[in-house]
**Student:** 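For reference, the structure I am asking about is given below.
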Number of protein chains: 2
Amino acid sequence: MFAAEPYVSKENLLGWANELGLEFKKLAVQKGEVFLKEKQRCQYFYFIEEGFIRLYYLDLQGHEITHWFSGENMMITSPFSFFKEETNILNFEALETTSLLLISREQWKALSEENENSNRAIRRLSMEFSMQLSRRVMSIHTESAEYRYLKLIKNHPLIFQKANLGHIASYLGITQQSLSRIRKRLAH
Amino acid sequence: MFAAEPYVSKENLLGWANELGLEFKKLAVQKGEVFLKEKQRCQYFYFIEEGFIRLYYLDLQGHEITHWFSGENMMITSPFSFFKEETNILNFEALETTSLLLISREQWKALSEENENSNRAIRRLSMEFSMQLSRRVMSIHTESAEYRYLKLIKNHPLIFQKANLGHIASYLGITQQSLSRIRKRLAH
DNA sequence: AATCCTTTTTACCCTAGGGTAAATGCATCC
DNA sequence: GGATGCATTTACCCTAGGGTAAAAAGGATT
């Protein structure tokens, strides 16, 4: 969120659409409206013409966690859901009356899959990159160090043969001493 | 890091390179070697054939913070430095003897800029997306809530007119009460 | 002005994790 | 075996932030 400058201007976007003969849908939402909800498939890449949006998700205790804020000329989507078939866990809430340009999955493809094989690959890389980052942001944002440690053991046990506990601790965002304490606690 | 499956297989990668007549450089690094250092421009998108890598950066107190771990068939780069001209702050350290395939910036371009305008745009979006996420991961990972709050005020003062303190607190990763306490403290 | 509702602040006590420093463990090298 | 060096654990005390609950402060609305 909050790139120093917007990714791409509205003019750019409309220019490209023109060249390709695409027409973007528009969406107007009222203040307070949640226009994309968790478990709904995210069908669009959203460009915010005007207004202000909050993306949030529910943590393990059911609390609303703000994942992102996004304003004029910014773009948002739920990467897992828009790029892949994965379930959307993000809620998109308008914090003020907002107008959006919608780029559908088909249009996105038209824009990006124009031709080359390699292009598809490169884009795939970028997307995966984004999705992993997104996962990691959520993880650091809300999960406890202990929980993240357990997840790491479960999903990537080999890491403990490769990296030392100091590295792992800082990966988890804690000191080595804290990690040591967590390990002791978990050993009953 | 640690996608459930590798982004792209080595075979894919070499296949595309073949089609385009590209040849990737190889790099072999010893255990313990830091083969990309902060302030050095990151010239490659790295594909790990074999081995294990740690990416770390120095926080405000000068502590090494592990940003990422990456192993066989994974890809890494320093997005700010590889995609843009920004200074690299990441150090790439081999935790075991590692062999890498290097995709230079020129090759990356050859792969991705084959033709369309729109493709460039789409890729730009993905890259920006990644870079912002990357920034946010680092921020949540090491900066205190108070520091992040101050940064938010400085960089996006308008947010305080748009979102309420509850939203902002959870964006910062803390409770509304804690934010309130921080605000009180800062008001002297 | 009185009421209702939402947002924000305070207060109390509790817990996770930090900082410093020392102690232990484990390899390696002589 | 002793010495050196790194990784890990423990211990002590401290701080940031959490949980619950209540109080205060703003808006709206009538």
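Chain identifiers are assigned alphabetically (A, B, ...) following the order of the sequence lines, protein sequences preceding nucleic acid strands; residue numbering begins at 1 within each chain.
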**Student:** Among all residues two or more places apart in sequence or in another chain, which pass the side-chain contact (heavy atoms from CB on, under 4.5 Å) test with E85(A)?
**Tutor:**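 With sequence neighbours excluded, E85(A) shows a side-chain contact (heavy atoms from CB on, under 4.5 Å) to R41(A), given in chain and number order.
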**Student:** Under the side-chain contact (heavy atoms from CB on, under 4.5 Å) rule, collect the residues that match up with S180(A), sequence neighbours excluded.
**Tutor:**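 S180(A) satisfies side-chain contact (heavy atoms from CB on, under 4.5 Å) with no other residue.
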**Student:** Taking ring-ring contact (aromatic ring centres under 6.0 Å, His included) as the test, write out the residues that go with F160(B), two or more places apart.
**Tutor:**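 So F160(B) forms a ring-ring contact (aromatic ring centres under 6.0 Å, His included) with Y149(B).
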**Student:** Would you mind checking if E93(B) and R54(B) are paired as a salt bridge, meaning a charged N to carboxylate O distance below 4.0 Å?
**Tutor:**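 Looking at R54(B) and E93(B), the cut-off is met.
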**Student:** Apply side chain to side chain donor-acceptor pair (under 3.5 Å) to Q43(B) and list each qualifying residue two or more places apart in sequence or on a separate chain.
**Tutor:**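 Side chain to side chain donor-acceptor pair (under 3.5 Å) check on Q43(B) returns R105(B).
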**Student:** Using chain A heavy atoms and a threshold of under 4.0 Å, write down where along DNA chain D the contacts begin and end, 5' to 3'.
**Tutor:**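 Reading along DNA chain D, I get dA7(D) to dA11(D).
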**Student:** Name all residues meeting the ring-ring contact (aromatic ring centres under 6.0 Å, His included) criterion together with F83(B); count only those two or more places apart in sequence or in a different chain, and write none if there are none.
**Tutor:**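 In terms of ring-ring contact (aromatic ring centres under 6.0 Å, His included), with neighbours along the sequence ignored, F83(B) is linked to W108(B).
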**Student:** Give me the bend of the helix from dA1(C)-dT30(D) to dC30(C)-dG1(D), using the axes of the five pairs at each end, rounded to 10°.
**Tutor:**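 Both end axes considered, the difference amounts to 30°.
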**Student:** With sequence neighbours excluded, what pairs up with N91(A) under the side chain to side chain donor-acceptor pair (under 3.5 Å) test?
**Tutor:**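 Once residues adjacent in sequence are excluded, N91(A) has no partner under the side chain to side chain donor-acceptor pair (under 3.5 Å) criterion.
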**Student:** For L150(B), which residues count as a side-chain contact (heavy atoms from CB on, under 4.5 Å) partner, sequence neighbours excluded?
**Tutor:**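 With sequence neighbours excluded, L150(B) shows a side-chain contact (heavy atoms from CB on, under 4.5 Å) to E146(B), L186(B), given in chain and number order.
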**Student:** For nucleotides 4-10 of chain C, give me one character per nucleotide, 5' to 3': B if any protein heavy atom sits under 4.0 Å from the base, S if the only such contacts are to the sugar-phosphate, - if neither.
**Tutor:** ---SBBB
**Student:** Taking only residues two or more places apart in sequence, or in another chain, which ones meet T87(A) in a side-chain contact (heavy atoms from CB on, under 4.5 Å)?
**Tutor:**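 Result, side-chain contact (heavy atoms from CB on, under 4.5 Å) vs T87(A): K39(A).
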**Student:** Kindly write out the residues that satisfy ring-ring contact (aromatic ring centres under 6.0 Å, His included) with Y56(B), not counting sequence neighbours, or none if the list is empty.
**Tutor:**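 With sequence neighbours excluded, Y56(B) shows a ring-ring contact (aromatic ring centres under 6.0 Å, His included) to no residue whatsoever.
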